[in-house]
Amino acid sequence: MKQENSDLYDRIYEIVSRIPSGKVSTYGAIAAYIGLVSGARVVGYALNNLDLRNVSNSVPAHRVVNRLGQLTGRAHFPGDSMKERLEQENVMFTEEYTVDIQRHYWDPREELI
DNA sequence: GCCTTGACGTTAG
DNA sequence: ACTAACGCCAAGG
């Protein structure tokens with residue numbers, strides 16, 4: 001069965017919304033879960049459209065970081081709300097704008113476990 | 001309708 | 001171990 005573009009975006013938002021508090025996920029993990037091998041860029045683009053959809057409050061995009069744990073999307077957030085948000089979740093930061101991804105890494109399949 | 005850019009990731013040197 | 005280039009999908013110009 002073929003998936004429409006809208007479904008792809010919706011799926012991304014759904015997975016991101018499933019990220020538990022105090023945990024972070026990566027674009028690649030989400031992309032891989034959907035079926036995209038190296039289409040992690042699409043995931044980022046989808047989150048960018050979040051602002052256009054005005055659902056930023058429903059989708060914790062601040063919990064999504066790259067595989068290095070760097071807050072690459074912090075520039076798209078008002079001020080440092082992304083970093084403060086993660087700190088509010090007791091997420092440990094290895095650097096100013098880098099979270100301890102190896103410790104707080106969360107995979108979409110963990111909910112299945 | 002073609003080309004460039006982008007919240008990334010992997011492989012090669 | 002670090003740096004450079006290529007690849008992927010989607011949207012805007």
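Side chains included, hydrogens not; waters and symmetry mates left out as well; all remaining heavy atoms used. So you know, we letter chains A, B, ... as the sequences are listed, proteins then strands, and number each from 1.
Atom C1' of nucleotide C/dC9 and atom OH of A/Tyr45 are separated by 11 Å, given to the nearest angstrom. Summarising the geometry, the separation between CG on A/Leu8 and C1' on C/dC8 is reported as 12 Å, rounded to the nearest angstrom. Taking atom OH of residue A/Tyr27 and atom P of nucleotide B/dC8, one finds them 6 Å apart after rounding to whole Å. Atom-to-atom, CG of A/Asn66 to P of C/dC8 comes out at 21 Å; the value is rounded to the nearest Å. Atom CG of A/Asn48 and atom C1' of B/dG6 are 8 Å apart (whole Å). Going from atom OH of A/Tyr33 over to atom C1' of B/dC8 covers 20 Å, rounded to whole Å. Following rounding to the nearest Å, A/Leu47 (CG) and C/dA11 (P) show an atom-to-atom distance of 13 Å. For A/Arg41 and C/dA10, the CZ to P distance is 13 Å, given to the nearest whole Å.
A distance-only check finds a donor-acceptor pair linking the side chain of A/His104 to the backbone of A/Gly22 [under 3.5 Å]. At distances below 3.5 Å, at least one donor-acceptor pair connects side-chain atoms of A/Ser25 with backbone N or O atoms of A/Trp106. Of the possible donor and acceptor atoms, none in the side chain of A/Arg63 sits under 3.5 Å from a partner among the backbone N and O of A/Val24. Within the 3.5 Å criterion, the main-chain N or O of A/Ala46 finds a donor-acceptor partner in the side chain of A/Tyr13.
In this structure, A/Arg67 and A/Ile101 have side chains that are not in contact, with every pair of non-hydrogen atoms separated by 4.5 Å or more.
A distance of about 23 Å separates the C1' atoms of C/dT3 and B/dA7, rounded to the whole Å.
Within residues 67-76 of chain A, the residues approached by DNA chain B to less than 4.0 Å at the level of any non-hydrogen atom are A/Arg67, A/Thr72, A/Gly73, A/His76, in residue-number order.
Cation-pi contact between A/Lys23 and A/Tyr105: absent, since separation from the ring centre below 6.0 Å together with deviation from the ring axis within 45° is not met.
Between A/Tyr9 and C/dA11 there is a side-chain polar atom (N or O) within less than 4.0 angstrom of OP1 or OP2.
Positionally, the nearest nucleotide of DNA chain B for A/Val42 lies more toward the 5' end than for the other of A/Ala29 and A/Val42.
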- side chain to side chain donor-acceptor pair (under 3.5 Å) assessment of A/Tyr33 paired with A/Asp107: CA-CA 9 Å; A/Tyr33 182 79; A/Asp107 205 273; over 6 Å; no
